[in-house]
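Reckoned from all heavy atoms, side chains included, excluding hydrogens, waters and symmetry mates. Because the structure is predicted, anything quoted here is derived from the model rather than measured. Order of the sequence lines sets the chain letters (A, B, ...), proteins ahead of strands, with each chain counted from 1.
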Amino acid sequence: MALTDDDVREILRIIDESALDELSIETDGFSLHVLKRSAGGQARSGADRVSSAPERASPPAEPAPRFAEEPAGDDHAVTIPSPMLGTFYRAEAPGGSPLVEIGSRVEPDTTVCIIEVMKMMNSVPAGVSGVVAQICSENGQLVEYGEPLFLVTAG
Amino acid sequence: MRRVFIPNRGEIAVRIVRACRALDLECVVGASEADLDGMAARTADRVVCIGPGPAGESYLRVDTVVQAALGTDCDAIHPGYGFLAESPRLAARAREHGLAFVGPPTEAISLAGDKLAARAQAARAGAPVLAGGEVSGRGEARRRADEIGYPVLVKAVGGGGGRGIKRVHDEAELDAVLGLARREAGAAFGDDRVYLEKLIEPARHVEVQIAADDHGAVVHLGERDCSVQRRFQKVVEEAPPPHLPGPTSATLRAAAVAFARQIGYRNLGTVEFVIDADGGEPHFLEVNCRIQVEHPVTEAVTGLDLVAMQLQIAAGNALGIAQDEVSFDGHAIECRLNAEDPSRGYAPSPGTLSLFAVPHRTGLRVDTHCQAGTTVPPYYDSLLGKLIAHAAGRDEAIEILIDALEEVDVEGVETNRTLLISALGHPDFRTGAVTTDWLERALR
């Protein structure tokens with residue numbers, strides 16, 4: 001199916017009159033992405049051309065949350081995000097006991113884990129005071145920059 | 001080769017994802033926090049966040065990139081262009097850990113990064129090299145500049161790609177910039193050596209695309225003309241170069257292939273030459289060890305997929321194409337649409353695109369990572385996309401590009417769109433070959 005210019009105008013008219021702010025349509029070899037500017041008085045809806053995207057580009061969507069949401073119900077829980085991409089280790093040495101467990105009390109300078117980047121071992125401080133409520137990553141797994149490592153109940 | 005790690009962003013990351021798809025390879029994009037919802041990240045099989053926005057804390061971290069590739073079970077790294085694409089350290093690190101590095105051997109990258117060593121090897125391979133050489137003190141610089149004859153260029157040994165170059169017209173200017181050039185070179189490239197080189201002006205910038213596999217095959221894929229430049233940065237590129245005499249073309253191609261053989265080059269690369277616009281004499285400039293921004297013009301006229309070719313060579317496969325099977329069809333021109341503000345001297349213009357519309361038409365290819373909603377972060381280059389026209393003849397290709405640019409509609413950032421239209425429509429450009437100083441003169 002191919003969309004004609006008239007089709008696009010019709011789509012734009014419908015969006016203009018609707019409460020939608022954003023719309024993506026993709027058919028064979030054709031993609032249309034419309035973003036309605038709701039504030040600032042500069043709304044523009046007269047574009048009758050298509051936006052360019054490679055054929056395989058997935059339609060833009062609200063970016064999905066990168067990492068699992070924090071469990072609800074505890075207003076005082078904060079995450080300790082990974083300061084770098086690397087391998088997550090709970091102990092300082094292989095076979096050693098974990099630096100922290102669930103229930104451990106941490107202070108901002110308490111080392112909570114090690115992140116290895118190409119044989120360089122980086123100690124990660126908690127950065128907050130509180131009690132470890134959850135361990136979000138598995139020992140020996142790759143963690144990304146910003147990925148939650150621990151959940152700490154502040155206090 | 002099964003899964004490729006792409007520590008890059010923008011249109012080239014999208015381009016590499018597409019080549020991986022064509023070869024049925026999986027791909028993982030390593031993106032900074034600023035690019036996590038970019039088009040490359042969204043089209044890849046997986047994305048990992050390698051660090052915060054500033055490139056020094058993400059895309060330029062060798063160890064993080066290798067760790068991310070290993071941690072996501074990739075068996076190859078395609079670095080794209082820019083960032084770590086020509087880092088011998090990344091190539092070596094990757095290979096130490098059993099990853100295929102999609103690029104030339106580490107030694108070739110080191111050699112190419114040392115402009116003086118590259119000049120020496122080019123001369124050994126029989127390529128014409130410009131008069132010049134390394135200088136340290138003022139006295140030595142003055143003597144050498146007198147030998148060469150003004151004007152001369154003061155260039156950083158570790159520079160390249162148009163960076164680390166100063167133009168000097170007389171001894172007083174030379175005295176004034178020498179110390180500064182060395183300090184800047186040290187800060188920018190970690191190597192404060194500089195050399196002088198004869199400035200050829202007016203000149204054309206013509207480069208030869210080469211491809212070499214692990215089995216001894218080396219071919220050239222023709223030339224590209226990149227003479228339309230602003231501040232040593234390419235703005236418009238085309239293939240074939242207009243009005244390039246056959247014998248000159250043959251000289252360039254032979255020199256490029258001989259140089260590649262001489263240094264044991266593998267994978268794709270570009271040998272750059274400067275051609276004296278008056279005398280027609282070509283001179284070796286430098287070699288680039290990466291896929292280049294302007295590779296689509298070569299793809300258009302040869303019908304080859306250069307990025308797929310890079311991946312296949314890195315996987316150890318034979319080139320699969322002999323020199324006499326490389327054919328050239330028609331004329332292709334590329335222009336770079338940048339987020340730049342013409343009213344502020346073409347300074348980068350970051351922002352969020354509320355509209356990004358480019359036409360689709362026969363003979364036009366658009367390589368971009370942009371669409372409405374895309375953010376152009378302040379941390380990286382300002383390239384929004386490339387428009388590439390391919391037609392039977394040059395005039396027709398120019399028409400396609402101008403028509404397309406007239407319809408390009410970008411809101412949210414300033415662009416160089418009107419500059420591109422004026423350059424392509426200018427009688428000088430339409431007539432044929434322009435020189436590297438032309439655009440800046442024409443702008444005035």
Side-chain angles (χ1 to χ4, degrees), chain A residues 2-3 5 8 21-24 26 29-40 42-67 81-88 115-120 122 140-147, chain B residues 11 14-15 17-18 21-22 30-33 36-44 47-52 57-58 61-68 70-73 93 96-97 352-360 364-374 385 387 407-409 411-412:
Chain A
L3 288 180
D5 283 359
V8 176
D21 279 324
E22 193 175 343
L23 173 84
S24 291
E26 218 181 359
F30 181 98
S31 72
L32 174 72
H33 180 218
V34 182
L35 190 66
K36 193 159 87 179
R37 212 185 273 174
S38 44
Q42 287 189 46
R44 179 190 171 101
S45 56
D48 59 356
R49 265 167 278 119
V50 295
S51 77
S52 139
E55 280 170 30
R56 272 170 229 271
S58 44
E62 274 300 298
R66 288 276 301 153
F67 304 110
S82 180
M84 66 195 77
L85 176 143
T87 308
F88 172 77
I115 305 280
E116 183 206 328
V117 186
M118 304 312 293
K119 314 277 184 240
M120 282 287 294
N122 304 278
Q141 291 300 299
L142 181 81
V143 289
E144 300 176 33
Y145 171 75
E147 185 170 339
Chain B
E11 66 88 20
V14 174
R15 174 73 188 86
V17 168
R18 213 171 72 219
R21 297 273 182 250
S32 80
E33 207 173 24
L36 279 175
D37 59 353
M39 193 183 281
R42 282 187 283 108
T43 51
V47 55
V48 289
C49 183
I50 57 172
E57 296 169 54
S58 48
R61 293 238 159 143
V62 170
D63 285 350
T64 300
V65 165
V66 176
Q67 179 83 54
L70 293 170
T72 51
D73 285 326
R93 273 310 233 169
E96 269 166 39
H97 287 85
T352 296
L353 304 175
S354 49
L355 179 72
F356 186 82
V358 291
H360 289 216
L364 180 73
R365 163 177 165 184
V366 180
D367 277 19
T368 184
H369 60 291
C370 293
Q371 56 193 139
T374 299
L387 280 71
E407 287 190 41
V408 163
D409 205 347
E411 288 192 359

*Output the distance between atom CE (A/Met84) and atom OG1 (B/Thr64), rounded to the nearest 0.5 Å.*
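These two atoms lie 8.0 Å from each other.
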*CG of A/Leu85 to CG of B/Asp63: how many Å apart, nearest 0.5 Å?*
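Separation between the atoms: 11.5 Å.
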Heavy-atom proximity to chain A below 4.5 Å, by part of [X]:
X	result
B/His97	side chain
B/Arg61	neither
B/Glu57	neither

*All side-chain hydrogen bond (donor to acceptor under 3.5 Å, both in side chains) counterparts of B/Thr72, not counting sequence neighbours*: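 Listed in chain order: nothing, the list is empty.
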_Going by the rule side-chain hydrogen bond (donor to acceptor under 3.5 Å, both in side chains), which residues pair with B/Glu11 if we only count those two or more places apart in sequence or in a different chain?_
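Counting only residues at least two positions away or on another chain, B/Glu11 forms a side-chain hydrogen bond (donor to acceptor under 3.5 Å, both in side chains) with B/Tyr81, B/Lys386.
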*Can you name the one residue among B/Cys49, B/Ser58, B/Ser32 that meets side-chain contact (heavy atoms from CB on, under 4.5 Å) with A/Tyr145?*
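The option that passes is B/Cys49.
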*Answer yes or no: is there a donor N or O on one side and an acceptor on the other, between the side chain of B/Gln67 and the main chain of A/Met118, under 3.5 Å?*
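Yes: the side chain of B/Gln67 pairs with the backbone of A/Met118.
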